[in-house]
Each structure stands twice: as C-alpha cells, then as structure tokens.
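Because the structure is a prediction, the values reported are computed rather than measured.
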2 protein chains.
Amino acid sequence: MSPPAASSLAAGPVPTRLNGMTSSLHHRAIENLGTRIIAGELPAGHVMLAEQLEDELKVSRSVIREAVRVLQSLGLVETTKRVGIRVLPPSRWNPFDPQVIRWRLASDARGAQLRSLAELRAAVEPAAAELAAQNAPAPLRLELVDVAYAMRDAGLNGEVPRFLDLDIQFHSLLLSGSGNEMFANLMGQVAETLTGRTVHGLMPDHPNEAALQWHVDVAEAIARGDAAAAREGSDRILRRTMARMADTWTEQPRVFIPVRR
Amino acid sequence: MSPPAASSLAAGPVPTRLNGMTSSLHHRAIENLGTRIIAGELPAGHVMLAEQLEDELKVSRSVIREAVRVLQSLGLVETTKRVGIRVLPPSRWNPFDPQVIRWRLASDARGAQLRSLAELRAAVEPAAAELAAQNAPAPLRLELVDVAYAMRDAGLNGEVPRFLDLDIQFHSLLLSGSGNEMFANLMGQVAETLTGRTVHGLMPDHPNEAALQWHVDVAEAIARGDAAAAREGSDRILRRTMARMADTWTEQPRVFIPVRR
DNA sequence: TGACACCGATGTGTGCAGACATCAAAACTC
DNA sequence: GAGTTTTGATGTCTGCACACATCGGTGTCA
C-alpha cells in the first residue's frame, strides 16, 4: 500500500545519500519547497494547502508538516487556519541561514547573494583581524603565520589547489581567532565563495604577489598583537578582492528592505 | 479524553496568545527545549528520546517531532537512528538565528552575546554607511537627515523615549539604505540592543553632544554621497559606543571555534 | 429598502494515537 | 576479527477529533 507508483520526491528507488547529508523525505521536501520559493516559482502571497502538497510531493502529512514547520522557522512561509500555507516575501526570509543562502546561490539572485556575502565579509574580516590581534590564543597566531607563508609559496609556485586550501584556512583561522562566534560562523560561507571563485575561473594561476605579501603582513601583525596593522592589512586585502569581484555582479538590482515602524 | 490532568507546557488552560506570537504547543516545545539547551541545562552530547520528551512535556509525538526538526535546522540537536536526539555543542549552533540570539540573551551568556552583536554591528555599520552613501534611494537619504536632526534635538532636550525611538530609526534607515539585505536584517538585533541599553540604565539622560552631531554628520555625508566621510563618521560613533559598553561584558570568556579541516 | 451586527456552517491547520518501515548500533556467531 | 543477526530508535503513513478564522446567511434596526 505504502509505495505509490511514481513519487515526485524519489529521485532513486533507494533512499540515496548526497554529500553525507541525509536524504530523508522530510529533507527532500524542505529542499523542494525552499528552492522553489526562493527561485520565485512560488511567489510571495501564494497560498498552498497541506493536502495539495502531500499530493504534489507524494508524501504523507507528517512529512509535509515537519517541512512546513522548518520553512516557517526560516521565515519562508506562514500558516493560518482556514487559509493555508502562505509564501512570505523575501524581506521576511532569514538572510543569514545557510540553507537560504544556498538556495539563493542556486537561483537567479546568485549575483546579489554573492555581493551580499562579499560585502559582509569585507566588513567583518578587518574587524576580525583587529580582534584576533587582541585576543587570539598563541598557537592560533603561530599557525596563522605558518599558513600565510605556505600560502605565499604555493601562490608563487602556481600550485592552485594547494593555494586555495591554504587561502580558505587562512581566512578561517582569522575569523576563528577573533573569538566572536558570529564572525567564526562566516567561515563556511567564505570557503564557499573562495571555492566558487576558483571553480568559475575568476582566479589567475599566479595570485598577485603584493596580495600574497599582504596576507603574511596581516598574520605577523596578529602574531605580534598589532591590532591597527592587522586591521589595515586585512582591509587592504578585501578592498582589492572586492574591486576584482565587483564586475561579477554588475547591475544586479539592489533590494532596499523598508524600515518597519 | 484529550486534555491530560496536568500539562507541563500548558501555562493556561486556554491556548493563550503572547506578544502576537502563536503559542501553539509546537512553539512552546521549541521554546522549552531551545532555552534549556542554550542555557546549558541540556549539555552537548546529552541524548534524549522522543518518547521521553513526549512524556516530559506532556505532548504528542507529532509536536515533539516538529519541534525537534526545527531545532535540528538551527543546529541545536541531531537525530540518529537507534540512538536518539543528541544535543550539539555551541559551535554547531547557528549564531545568526534570531531565536538562538534571543535564547542566548536570556542565558548566562548574555554578556558574550551582547558583545558579539556589538562587535558585529561595529563592523557592519560603517560599511553600511559607505554603501548607503553610494546606493541609497533619494527619499531614504532625506528621511535619514530629518531623523538625525530630530534625534539631536530630542537628545539635547533630554526627551529620552523619543530619543531612543529616533536612534533606532536612524540606525535602521542606515542599514536599510545599504541595499544589502544581510545588513538590513541586523535592524532587529540593533533595536534590541539599543532598547536593552536604555532599559538597563546604561544611557545618560542627555546623550553626548558630540555624538549627536556625529549622527547628523553621517546623515549629511550619506545625503551628499560622500562615502568616505559617511564611513568615518559611522566608525567614530561605533568606536565610542563600543568603548562605553566594553565594561558591560568585562571578563566574559571568549569562545574560539576550531577550524574544521 | 438598506446597512449593519450577529451567528452558525465550513474548511483548514493543530494535535493525538497507533501502526509499520527502515536502518544503524550493538550483540552475537563463527 | 570479520561477518551476521538482533534490537531499538527514528522515519513514515494513516484515521480521527478539535480549534478557530473566514464566509455567508439571517435577523434587527434605522
């Protein structure tokens, strides 16, 4: 009785795994709806019925209900009795949620999302460098210096994969060393953007020599506790990065979220 | 049949409403578990069983399951078959989620949370000011100037509640004007910290005159599109704010989240 | 006759209870 | 120690009862 002839969520006959993530029905329902909402396929104000979703996704009520609850906590939908499940406008979405970010990166708004992340990173990393210079534990400072030098060598030798690895590690250590868990949490997003940049061929085989040296400078400033120098160096790196990436998101429309009063 | 004699989640016999938020069983279960996990009452690694939670909270399986699913999406717990529901360490929590922030503000880590938010704000607002000077729509610029002057007047006259309102409005407009939805999303948290600061008597009756003028300067710099001046002015305001709040979180332990490799 | 307040019908989410399916940890066998 | 079986928890499905927001009909009053 249980298995329907065709299931729109069942990609394979066997519940497969992807990227180590659980591929439960619940998870797939979230993915399906989240993707479609953020892509604009299900526009703000659109009302769905739980029963209709069960039907459409060929899953039971419990799966739909659990998925809707999660989407609700992300600000993607709201539920009202006698009405149904209403899609909320983008201004209600939680822009910091990793899933929302991932879905936006997979949508037409990819450029805008990359810009938002880059701007956030450009704002945060210099502050993190300053804090790291003041607070980071000694072993982390030493590791940061090591990584910076290794990164410079890899960059000069054109070892692209190794360079990317070290680059991600450098910026992760920096954010982690700030001792601010919100800053540290941006590691994941930073890694994703750096990786994406390389994969999309936006990185030259031999990174700019000056930029490589700036990384070393930042690491050493943090190591000796020079907060101002760490901040300045980090700011220099990120202004250059922003300048080089700016044309990626040229003319992406900006969204101004109204102030709620 | 349905209503048990005593329900540990049922504050009132009738499903009441609080702050306009739905007070469904589901919501109360999330609140109960989220609070206890973040307070450390349910430590990382602690394993619970769904059945045990049904029993403890006196609710049905579906309520527990939906709550657990939401907590899972926040990174507070993970579920494993044959094991149960395991509480995750703080490094796995999503530090940007509004609920997580609220629970942390209500816990012993309140000081650390306030510091994190303040540092984030100090990093973001100058960047937002810079972006607002470049991108904000004209009406928003005009409103910002109006609010800045009104805020200065209210501050000079010692109209504390009005000043707080305008202060929140000023910083909200600034963040909104950046055209970065992540920055704009910080409005809520900023409002909370500003309100909390006033409520806790950390604000003098008459705000510093220079600081009031700095707000006007920032608004006018944004109005005329002077990005550098907007950034510097905003940076000045926030450095002063940070300096004045620093002793609030003296000696709050910093947490260094390890870099995952 | 028209406008308005009341009130019951209706439909939808919410919550409950029980069953079976699935799968990984743990125990067991060789 | 490797492979197999057992076991016990979550995952999924289903039927039912209830709460309650919305809608539309009915009655009252001007």
Report summary line: The nucleotide from C/dC16, D/dT12, D/dG11 with an atom nearest the side chain of B/Ser60 is C/dC16
Requested in this report: Can you sort out the partners of A/Ser107 under side-chain hydrogen bond (donor to acceptor under 3.5 Å, both in side chains), two or more places apart, ordered by chain and number?
Outcome: none
Requested in this report: Mind running side-chain hydrogen bond (donor to acceptor under 3.5 Å, both in side chains) on B/Arg36 and B/Asn32 for me, showing each step along the way?
Outcome: CA-CA 6 Å; B/Arg36 287 162 65 193; B/Asn32 182 311; 2.9 Å; yes
Report summary line: Here the distance between atom P of C/dG15 and atom CG of B/Leu57, to the nearest Å, is 13 Å
**Report entry** Set of residues satisfying salt bridge (Lys or Arg N to Asp or Glu O under 4.0 Å) with respect to B/Glu51, sequence neighbours excluded
**Finding:** none
**Report entry** Distance in angstrom units between A/Arg28 CZ and D/dT12 P, rounded
**Finding:** 8 Å
Query raised in the report: Expressed in angstrom and rounded to an integer, what is the separation of B/Glu66 atom CD from C/dG15 atom P?
Result: 7 Å
Query - Closest listed nucleotide, where the reference is the side chain of A/Leu25 and the choices are D/dC13, D/dA9, C/dT14 - result: D/dC13
Query raised in the report: Contact class for B/Arg86 vs. all strands (heavy atom < 4.0 Å): base, sugar-phosphate, or nothing?
Result: nothing
Query raised in the report: When the distance from CD of A/Glu54 to P of C/dT12 is rounded to whole Å, what number comes out?
Result: 12 Å
Report summary line: A/Val63 has its side chain closest, among C/dG13, C/dA25, D/dC13, to D/dC13
**Report entry** Below 4.0 Å: OP1/OP2 of C/dG15 and any side-chain N or O of A/Arg65
**Finding:** no
Requested in this report: Using the test side-chain hydrogen bond (donor to acceptor under 3.5 Å, both in side chains), find all partners of A/Thr35 that sit at least two apart in sequence or belong to another chain.
Outcome: none
Requested in this report: Between A/Thr80 and A/Ser62, name the one whose nearest nucleotide on DNA chain D is closer to the 5' end.
Outcome: A/Ser62
Query - Under-4.0 Å side-chain N/O to phosphate OP1/OP2 contact, B/Arg61 with D/dG11 - result: no
Query raised in the report: Considering only C/dT14, D/dT22, D/dT10, which nucleotide approaches the side chain of B/Thr79 most closely?
Result: D/dT10
Query raised in the report: Can you tell me how far the OG1 atom of B/Thr79 sits from the CG atom of B/Leu49, to the nearest 0.5 Å?
Result: 12.0 Å
Can you give me the N/O atom pairs linking the protein to nucleotides 5-7 of chain D at distances under 3.5 Å, or say none if there are none?
from, atom 1, to, atom 2, distance (Å)
D/dT7, O2, B/Arg82, NH1, 2.2

Requested in this report: Please state how far atom CG in B/Leu49 lies from atom P in D/dG11, giving the value in whole angstrom units.
Outcome: 12 Å
Query raised in the report: Is the backbone N or O of A/Leu88 less than 3.5 Å from a side-chain atom of A/Trp93, with the two atoms forming a donor-acceptor pair by type?
Result: yes
Query raised in the report: side-chain hydrogen bond (donor to acceptor under 3.5 Å, both in side chains) with A/Arg141: which residues, sequence neighbours excluded?
Result: none
Report task. Take atom CD of B/Gln72 and atom P of D/dT10, then tell me their distance rounded to the nearest Å. Result -> 12 Å
**Report entry** Rounded distance (Å) that lies between atom C1' of C/dT12 and atom CD of A/Gln52
**Finding:** 13 Å
Query - Of the listed nucleotides D/dT12, C/dG15, C/dC23, the one nearest the side chain of B/Lys81 - result: C/dC23
**Report entry** Atom pair distance, as rounded to whole Å: CD1 in A/Ile30 and P in D/dG11
**Finding:** 12 Å
Report task. Report the residues that fulfil side-chain hydrogen bond (donor to acceptor under 3.5 Å, both in side chains) with A/Arg92, sequence neighbours left out, ordered by chain and then residue number. Result -> none
Query raised in the report: Among C/dC16, D/dT22, C/dG13, which nucleotide sits nearest the side chain of B/Val59?
Result: C/dC16
